[in-house]
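Inspection log for the structure reproduced underneath, given as structure tokens.
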Amino acid sequence: MVAITLPDGNVREFPGPVTGLDVAKSIGAGLAKAALAIRVDGAMKDLNTVLAADCRLAIVTAKDADALELLRHDAAHVMAEAVKELYPEAQVTIGPSIENGFYYDFARATPFTPEDLEKIEARMREIVDRDEAITREEWSRDEAVSFFQGLGEAYKAELIASIPAGQPIGLYRQGAFIDLCRGPHLPSTAKLGKAFKLMKLAGAYWRGDSRNEMLQRVYGTAWFDKKDLDAYLHMLEEAEKRDHRRLGREMDLFHLQEEAVGSVFWHPKGWALWRTVEEYMRGRLERSGYVEVKTPQLVDRKLWEASGHWEKFRQAMFIATSGEEELELAIKPMNCPCHVQIYRHGIKSYRDLPLRMAEFGSCHRYEPSGALHGIMRVRAFTQDDAHIFCTEDQITSETIAFCELLKSIYKDFGFTEVRVKFSDRPEKRAGDDSIWDKAESALLDASKAAGLETTLNPGEGAFYGPKLEFVLRDAIGRDWQCGTLQVDFVLPERLDASYAAEDGSKKRPVMLHRAILGSFERFIGILIENFAGRFPVWLAPTQVVVATIVSDADGYAQEVVERLKSAGLRVEADIRNEKINKKVAEHSGLKVPVMLVVGRREADERTVAMRRLGSQAQEIIALDQAVATLVAEAALPG
RNA sequence: GCUGCCGUAGCUCAGUCGGUAGAGCAUACCCUUGGUAAGGGUAAGGUCGAUGGUUCGAUUCCAUUCGGCAGCACCA
């Protein structure tokens, strides 16, 4: 007797062992047809898994959130099967499901071409039509190794060989294709359906290690129905339209050129945006008890040796020398050692703590060429950096205050969804384990006290301490890691920072490294993409354009511009000899949030016709009222 | 850095099976003073990423190099 408990609490009893499919059939023919897999006591299993003992069981259908993962994993297998049929010399390696799709890495001497992708995709559709049953088999490890070696599948054999002996190996067979796989899988290739698409081709290292050979990775996306696929492809198009590199050019915000790879040329409009962000941040920091400093760009290597950066990041630092004498100055890749120098200047008492030292610190790092991406990943960048020097007892309250500030700032920029990751000790690190134990538990406790829900990001901490990483979600659902808070017991020791405690003893302060935006360059890139260039008035580089209909209104238009300018707005006049249609089209294209149109009527009545970006409507209002409205909207939030 | 792809006017792109290039938009000038998403005309604009090689001749073929794009690796 086997008793199966269904999610609604009902218990079904069977005389002997049954498969998941049997149970689904016993519930209803419709469910049996929709069934893709089962969840046994919470774990996802194949539909035809034999259930011999009592368990809790849920039938997984396309409606399940996790079912997409199965589908995508199947898509990867079907792709591998297609590739083996078309290119038998290609070796298969691994092919997992990923966010929005799947990939499979192949080893093959000749690179795949875009035409190959079309062929592979067509063959995948054939395999779906063949409706091949997908079945699981268990082999012994050594059997499996020699089997794959016999097939010439060296990578598979290597993978299996690295599994401990004695453990049975799960293999999945579909048609003539057989692959090592943990599973579970859909019952047949037909269940994959046709809502998939191969997307792109790229290199990827075997086992993710850059010392290993490069494999060919084929990416695809897969969904349960065509609507979802189309929606996803549409989202990609939308992301492309929002690309900050494209909008940066179109809106004349900045440019990049060969002579300064990885550094941004900010144009007047882009710089206006930057200055707004900076002014806003400065205000928020000042009101949160930070002091602002500025530290040198060129700092002798001795300081970086002392801090430990030289040893770990030497190859990523720019070095400056002088033609006169032998000097080795690093262009600062970060601000912390310099901040410690300011801290050390003069004796500090416990009364001085917490000392929150902020800098809009311009830093340079020699990022690998392949990492550069528009203004999001550059070699010259400016952090909204700060170091909080505090006592151990103050870690919690400082963490709470920081998290509140961060959330409030994100909200002002329009980001309300924020996730937090906790990154613990990396392999290569400074400081002994007792210090790490202390730092990790201090940070974890503080984040709990701040009411944060964190997910663990193992081994991803900084070399001097664990960190919290703040990830925000943008308007089209993409995640961006921006903020960080790091607890550091190491640098104060290395750079000999201390304070006089209440009892007169000399103690080490703790340093909290923290940033909210991360870097201005990257954050501005994120803002551009989040808003698709359509900034709220307070951020918009050009907030208002005053456009004339006839040249008789030129004088009045200039007057309107002057009024707005003296009220502190970023405003331009458009008195060109062009039709108002064209002016509206152009400034809309440039994403100016507000247009004030003036003709003879407005000039006579001292009004303006206000038109908002994205709206066809216009509102005739008195000039004074327009100025008051716009000034209010242009005020920095917070 | 690695793999693959790409580099033609300010932008988006066409083209040359090897005989030094063309469109639209943008720009300048002229006409037009028009009431809310692109009015008409004329003109100007390119050492075809750079260097070297093959060739009578290279933007085109080859090599090297620089830069860009995608992914991987990296990210104090």
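Below, read A as the first sequence line, B as the second, and so on, with proteins coming before strands; counting in each chain starts at 1.
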Among the nucleotides B/rA38, B/rA73, B/rU3, which one has an atom lying closest to any side-chain atom of A/N581?
B/rA38

When the C1' atoms of B/rG18 and B/rC61 are considered, how many whole Å apart are they?
8 Å

Between B/rU36 (C1') and A/D574 (CG): distance, integer Å
13 Å

Is there any protein nitrogen or oxygen under 3.5 Å from a nitrogen or oxygen in nucleotides 43-47 of chain B, and what are the pairs?
none

In dot-bracket form, 5' to 3', how is RNA chain B paired? Count Watson-Crick and G-U wobble pairs only if both distances fall under 3.5 Å, and write | where the partner sits on another strand.
(((((((..((((.....[..)))).(((((.......))))).....(((((..]....))))))))))))....

Distance between the C1' atoms of B/rG10 and B/rU51, in whole angstroms?
26 Å

NZ or CZ of A/R365 within 45° of A/F313 ring axis and under 6.0 Å:
no

Measure from CZ on A/R211 to P on B/rC72 and round the result to the nearest Å.
19 Å

Every protein N/O lying under 3.5 Å from an N/O of nucleotides 23-31 of chain B:
from: B/rA26; atom 1: OP1; to: A/K582; atom 2: NZ; distance (Å): 3.4

Can you tell me how the ring of A/W266 sits relative to the ring of A/W271, calling it parallel under 30°, perpendicular over 60° and tilted otherwise?
tilted

So how far is it from A/L201 CG to A/L117 CG, rounded to the nearest 0.5 Å?
5.0 Å

If you take the centroid of each ring, where Trp contributes its six-membered ring, are A/Y343 and A/F389 closer together than 6.0 Å?
yes

Heavy atoms only, 4.0 Å cut-off, all strands: where does A/Y103 land among base, sugar-phosphate and nothing?
nothing

Do the side-chain N and O atoms of A/D105 and A/T93 include a donor-acceptor pair separated by under 3.5 angstrom?
no

Donor-acceptor pair under 3.5 Å, A/R377 side chain vs B/rC75 base:
yes

When rounded to the nearest Å, what value does the distance between P atoms of B/rC48 and B/rU20 take?
13 Å

Counting the atoms with a prime plus P, OP1 and OP2 as sugar-phosphate, which does A/E240 contact under 4.0 Å by heavy atoms, base, sugar-phosphate, or nothing?
nothing

Over 60° means perpendicular and under 30° means parallel, so classify the ring planes of A/F106 and A/Y104, tilted if in between.
parallel

Whole-Å distance between B/rC74 P and A/E427 CD?
12 Å

If you check every side-chain atom of A/Q618, which of B/rG1, B/rU36, B/rC74 has the closest atom?
B/rU36

Among B/rG4, B/rA76, B/rG71, which nucleotide sits nearest the side chain of A/M317?
B/rA76

Between B/rG52 and B/rG46, how far is it from one P atom to the other, in whole Å?
22 Å

Say you pick atom P in B/rU47 and the same atom in B/rA9; how far apart are they, in whole Å?
9 Å

Rounded to the nearest 0.5 Å, how far does SG of A/C363 lie from CG of A/D385?
7.0 Å

Decide if the gap between the ring center of A/F520 and the ring center of A/F360 is smaller than 6.0 angstrom.
yes

Scan A/K467 against the nucleic acid and name what it touches under 4.0 Å (heavy atoms): base, sugar-phosphate only, or nothing.
sugar-phosphate

Quick one: is the NZ or CZ of A/R314 closer than 6.0 Å to the six-membered ring centre of A/W310, and within 45° of its axis?
yes

Closest non-hydrogen atom pair between A/E469 and A/S423, with its separation:
OE1-OG, 3.0 Å

Nearest whole Å is fine: how far is B/rG4 P from A/F106 CZ?
17 Å

Aromatic centroids of A/F196 and A/W223 separated by under 6.0 Å
no

Would A/R217 and A/Y103 count as a cation-pi pair here, with the cationic atom under 6.0 angstrom from the ring centre and within 45° of the axis?
yes

Please give the distance between the C1' atoms of B/rG7 and B/rC30 as a whole number of Å.
38 Å

Is it the case that B/rG1 (base atoms only) and A/Y205 (side chain only) share a donor and an acceptor within less than 3.5 Å, ignoring hydrogens and angles?
yes

Once you apply a heavy-atom cut-off of 4.0 Å, does A/A316 come out as touching a base, just sugar-phosphate, or nothing?
base

Are a donor atom and an acceptor atom from the side chains of A/T548 and A/K583 found within less than 3.5 Å of each other?
yes

Counting any heavy atom closer than 4.0 Å, what does A/R611 reach on the DNA or RNA strands: base, sugar-phosphate only, or nothing?
base

How far does CG of A/L273 sit from CZ of A/F254, to the nearest 0.5 angstrom?
9.5 Å

How many Å lie between CG on A/D552 and P on B/rU33, as a whole number?
11 Å

Decide yes or no, distance alone: a donor-acceptor N/O pair under 3.5 angstrom between the base of B/rG35 and the side-chain of A/E602.
yes

Please give the distance between the C1' atoms of B/rG15 and B/rG19 as a whole number of Å.
15 Å

If I take atom OH from residue A/Y464 and atom SG from residue A/C336, how far apart are they, to the nearest 0.5 angstrom?
5.0 Å

Which word best sums up how the rings of A/Y410 and A/F523 line up, parallel for under 30°, tilted for 30 to 60°, or perpendicular for over 60°?
parallel

With sugar-phosphate meaning primed atoms plus P, OP1 and OP2, does A/G308 contact a base, only sugar-phosphate, or nothing at under 4.0 Å between heavy atoms?
nothing

Give me the distances for all protein-to-nucleotides 8-12 of chain B N/O pairs that come in under 3.5 Å?
from: B/rU12; atom 1: OP1; to: A/R249; atom 2: NH2; distance (Å): 3.3

Looking at the side chain of A/F313, which of B/rA73, B/rU33, B/rA76 is the nearest nucleotide?
B/rA76

Just checking A/F112: base, sugar-phosphate only, or nothing, at a heavy-atom cut-off of under 4.0 Å?
nothing

Starting at the 5' end of nucleotides 61-70 of chain B, put B wherever the base has a protein heavy atom under 4.0 Å, S where only the sugar-phosphate does, and a dash everywhere else.
-----SSSSS

Report the nucleotide, chosen from B/rC74, B/rA38, B/rA76, that has the shortest atom-to-atom distance to any side-chain atom of A/H309.
B/rA76

C1' spacing across the pair B/rG53 / B/rU42, given as an integer number of angstrom:
45 Å

Given B/rC74, B/rG35, B/rU33, which nucleotide is nearest the side-chain atoms of A/P368?
B/rC74

Could you give the CG-to-C1' distance, from A/L613 to B/rU36, as a whole number of Å?
13 Å

Evaluate the side-chain contact (heavy atoms from CB on, under 4.5 Å) criterion for residues A/L596 and A/V544: first the C-alpha distance (whole Å), next the side-chain angles of each, then the deciding distance (0.1 Å), finally the verdict.
CA-CA 7 Å; A/L596 299 180; A/V544 184; 3.8 Å; yes

Take atom CZ of A/F463 and atom C1' of B/rC75, then tell me their distance rounded to the nearest Å.
14 Å

In residues 332-342 of chain A, which residues come under 4.0 Å of RNA chain B by heavy atom?
A/P333, A/M334

So, do A/H339 and A/H513 have ring centers that fall under 6.0 Å from each other?
no

Would you compute the distance between atom CD of A/Q91 and atom CD of A/Q216 and round it to the nearest 0.5 angstrom?
12.0 Å

Can you check the A/H387 NE2 to B/rA76 P distance for me, whole Å?
13 Å

Looking only at B/rA38, B/rG34, B/rC72, the nucleotide nearest the A/R600 side chain is B/rG34

